[in-house]
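As the structure is a computational prediction, the values presented were derived from the model and not from experiment. By convention in this document, chain letters (A, B, ...) are assigned in the order of the sequence lines, proteins followed by strands, and residues within each chain are numbered from 1.
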Number of protein chains: 2
Amino acid sequence: MVRTNSSPRLIDVAHASGVSIATASRALSGTPGVSDSVAEKVRQAARELGYVANLHARSLASGSTATIGLVVHEIGDPYFSEIASGVLSLAAEHGRTVQICHTGRDPEAEVEQVRSLVANRVGAILIAGSGFVDASVEAPMRFEVQRYAEAGGRVAVVGRHHLGVDSVLPDNRPGGRAVAEHILGLGHRRIVVVSGSLELTTVADRLEGVRDALDAAGLDAGDVPVLEGPFTREGGRECIRRMLADHPRTTAVIALNDDMAIGCLSQLRSSGVSVPGEVSVSGFDDVAVAQDLSPGLTTVRLPMAEMGARALTLALKEPGSRARRQRVPAELVVRDSTGPAAR
Amino acid sequence: MVRTNSSPRLIDVAHASGVSIATASRALSGTPGVSDSVAEKVRQAARELGYVANLHARSLASGSTATIGLVVHEIGDPYFSEIASGVLSLAAEHGRTVQICHTGRDPEAEVEQVRSLVANRVGAILIAGSGFVDASVEAPMRFEVQRYAEAGGRVAVVGRHHLGVDSVLPDNRPGGRAVAEHILGLGHRRIVVVSGSLELTTVADRLEGVRDALDAAGLDAGDVPVLEGPFTREGGRECIRRMLADHPRTTAVIALNDDMAIGCLSQLRSSGVSVPGEVSVSGFDDVAVAQDLSPGLTTVRLPMAEMGARALTLALKEPGSRARRQRVPAELVVRDSTGPAAR
DNA sequence: CTGAAAGCGCTTACAG
DNA sequence: CTGAAAGCGCTTACAG
């Protein structure tokens, strides 16, 4: 039979170098127990034929894969694309490939994607993005993840609790506290929080931190309106419109992520409100563009790429006897979008 | 033998539903030729067992994969993350999974990544991002891609010529011309182009468009300095510093992508130069954040997500007798970063 | 150090 | 419509 137009197989390499496929396999995968001279001969033949091992066959035979699965809410969102960047870079160093899926923050799509990764028999699954305050929403996800883990799969999450697996957890609450203290320290008292869905644990944690600071300052958290909208730039714009209508005397806006903060800046500008002259605005995450905005965005820095890389590192390690947690410090970065309370 | 802790296999489903694995396979994959009642029984059993087919086995047996490979320069860059977003969304609709790799704009890493995708026997490869003007730099890539295509693989590229495969090509040249005409129309004559590496075809094409406009206006393109730097925000800042030093009377900056334009705005602001009062700035791409900058960025819109989706559509189609090309129109979007030449 | 052979979990002609 | 069997391209005990 003539094999036209298709990739050479291990057996072709074996023939070309005059050894068995067992030896060829060992030589190519670097398994010890092959004489150097033979190994070199095999590698040479492989190179000449342009041989690339079929990873499906390899996975099927060996029962393990070099592929990593990464689940994010939305890859077009800088928070997630920066995490993905950290994962991809480290994965490449380890010779791992990465399969990415995004879920549009839909809990059901999320479960579906995890199932599909399991079907692909990826060696590890990384999940980035907030979980849900309501544990029952997460139950199916938790079930899927646990089943995979019990079958020997490795899982690590970024910014998500409740899943019972290794996790990289940014200091959302201390970060929220730090930024709120900054705002309070500037003398602001008529403050509004611009927030994504309160169903998200990330939002809940950051908000908790803001309340810690209000409490510590002897203020009543109940006096600080929380405007809820989509966790996006458009959500930020929307909330500012509501703020201008319902809380016109506000002097500071604490947005719970940079995307919303960017939307806030944009809407304030369109509405002719000066920042920070009339209203101060802060964000959270420190996405790359935050420093290039005008005014530069005061925010809480999270090292997204590093968080992604750390999650991968956890997943690549042997599992511990129980879930590991790595805290990632959040650092307040003061730029030009916040200033002293004027009025 | 007891199989503990591992996923159910097709044979388990077959046993549970009292049919052969052949029938079970057909029922589950939707191959016609199975009675409805039997098919339903099999599906039911699969559901109860939580069966998920092993895609490696499936690929090996069938010789085809549902996985798509996507190569980008840097996933953290919004241009690419928006393309990726389009690809991921459409892929999910088609039940395809996507493996992403980024290359840091390194031609060698690029080839390596393509080889790894080939090894994974992905069903199609999508490559996004500029090629190189110097064809010899692209030769290895072209070789790899062609070999894959000849072996039956499908390839499509976004914003890249020279690879001899299906392509989605944004109107870089007409876009460059449009934005330059806009700048000229505002009366600017002391113009500077802020540009990524001239080795990149994307840069070369956009620049060509700018020159078209200069020519048409009867100007000498040689009088317009082209400041070259990294195709990033930091590159934009760098170029502005050079511009302020070497071409202080400049009234308009044409940046060849939004990332550089954002860096330009940032550096001009730090340097106390008002935009568009003293200097106008334009970008290219219209990344999501462009409209939320202050001032809003005048730029050339490219529908990145759609371009990604189109490339996938091409790759999913049967190959044509020759490489297909889809042009994507570029649309000038005028915002607040450009204004009449003042001085 | 090397090889023959079983097996990974599917799909798909080939028969019936 | 259904099943027995070959085969996809590897890896890895098991012998030697």
- prompt: 5'-most contact on DNA chain D: B:Gly18 or B:Leu60, nearest heavy atom basis?
  reply: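 Here B:Gly18 is the residue nearer the 5' end.
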message: If you assign each of B:Arg121 and B:Ala39 to its closest nucleotide in DNA chain D, which residue comes earlier from the 5' end?
response: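 Its nearest nucleotide being more 5', the pick is B:Ala39.
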Could you state the [atom1]-[atom2] distance from [X] to [N], rounded to the nearest angstrom?
| X | N | atom1 | atom2 | answer |
| --- | --- | --- | --- | --- |
| A:His15 | C:dG3 | NE2 | P | 11 Å |
| B:Asn54 | C:dG9 | CG | C1' | 6 Å |
| B:Arg9 | C:dG7 | CZ | P | 13 Å |
| A:Asn120 | C:dC10 | CG | P | 13 Å |
| A:Asp36 | C:dC1 | CG | C1' | 11 Å |

Would you give me the side-chain donor-acceptor pairs under 3.5 Å for residues 136-146 of chain B, sequence neighbours excluded?
unit_1, atom_1, unit_2, atom_2, d
B:Ser136, OG, B:Asp134, OD1, 2.8
B:Ser136, OG, B:Asp134, OD2, 3.2
B:Glu138, OE2, B:Phe132, N, 3.2
B:Glu138, OE2, B:Arg160, NE, 3.3
B:Glu138, OE2, B:Arg160, NH2, 2.6
B:Arg142, NH1, B:His162, O, 2.5
B:Glu144, OE1, B:Arg115, NE, 3.4
B:Glu144, OE2, B:Arg147, NH2, 2.9
B:Gln146, NE2, B:Leu163, O, 2.9

- prompt: Looking for any heavy atom pair under 4.0 Å, which part of the strands does A:Gly63 touch: base, sugar-phosphate only, or nothing?
  reply: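 Result for A:Gly63 = nothing.
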Please tabulate, for the side chains in residues 45-53 of chain A, all donor-acceptor contacts under 3.5 angstrom to protein atoms that are two or more places apart in sequence or on a different chain.
unit_1, atom_1, unit_2, atom_2, d
A:Arg47, NH1, A:Gln44, OE1, 3.0
A:Glu48, OE2, A:Gln44, NE2, 2.7

field: Options D:dT2, C:dC1, D:dG3, nucleotide nearest the side-chain atoms of B:Val19
entry: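 Nearest to the side chain of B:Val19 among the choices is D:dG3.
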- prompt: To the side chain of B:Ser20, which of D:dG9, D:dG3, C:dG3 is closest?
  reply: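 The listed nucleotide nearest to B:Ser20's side chain is D:dG3.
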query: Is there a donor-acceptor contact under 3.5 Å from the side chain of B:Asp166 to the main chain of B:Arg324?
result: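 It does hold such a pair.
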- prompt: Can any side-chain N or O of B:Asp106 pair as donor or acceptor with the backbone N or O of B:Thr103 at less than 3.5 Å?
  reply: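 Checked: no pair found.
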- request: Working to the nearest 0.5 Å, report the span between CD1 of B:Ile100 and OG of A:Ser85.
  value: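 If I round to the nearest 0.5 Å, the distance is 11.5 Å.
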message: I need the full list of ring-ring contact (aromatic ring centres under 6.0 Å, His included) pairs touching residues 66-107 of chain B, with sequence neighbours left out, sorted by first then second residue.
response: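 Applying ring-ring contact (aromatic ring centres under 6.0 Å, His included) to every pair that reaches into residues 66-107 of chain B, excluding sequence neighbours, yields B:His73-B:Phe80.
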query: Rounding to the closest angstrom, what is the interatomic distance between C:dG9 and C:dA13 at atom P?
result: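 Rounded to whole Å, the distance is 23 Å.
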Pairwise C1' distance for C:dG16 and C:dT12, with rounding to whole Å: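 Comparing C1' positions in C:dG16 and C:dT12 gives a spacing of 16 Å.
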- prompt: What heavy-atom pair brings B:Val42 and B:Ser17 nearest, and what distance separates the two atoms?
  reply: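 Scanning both residues, the minimum pair turns out to be CG2-OG, 3.8 Å.
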Tell me which donor-acceptor pairs under 3.5 Å the side chains of residues 31-40 of chain B have, and how far apart each pair is, sequence neighbours excluded?
unit_1, atom_1, unit_2, atom_2, d
B:Thr31, OG1, B:Ser29, OG, 2.8
B:Ser35, OG, B:Val38, N, 3.4
B:Glu40, OE1, B:Arg43, NH1, 2.8

- line: Taking Watson-Crick and G-U wobble contacts under 3.5 angstrom, with | marking pairs to another strand and [ ] crossing pairs, the secondary structure of DNA chain C is written |||.||||||||.|||
query: Yes or no on side-chain contact (heavy atoms from CB on, under 4.5 Å) for B:Leu90 and B:Glu93, after CA distance, side-chain angles and deciding distance?
result: CA-CA 5 Å; B:Leu90 184 60; B:Glu93 283 176 30; 3.8 Å; yes
Heavy-atom protein contacts under 4.0 Å, nucleotides 11-16 of chain C, coded B base, S sugar-phosphate only, - none: BBB---
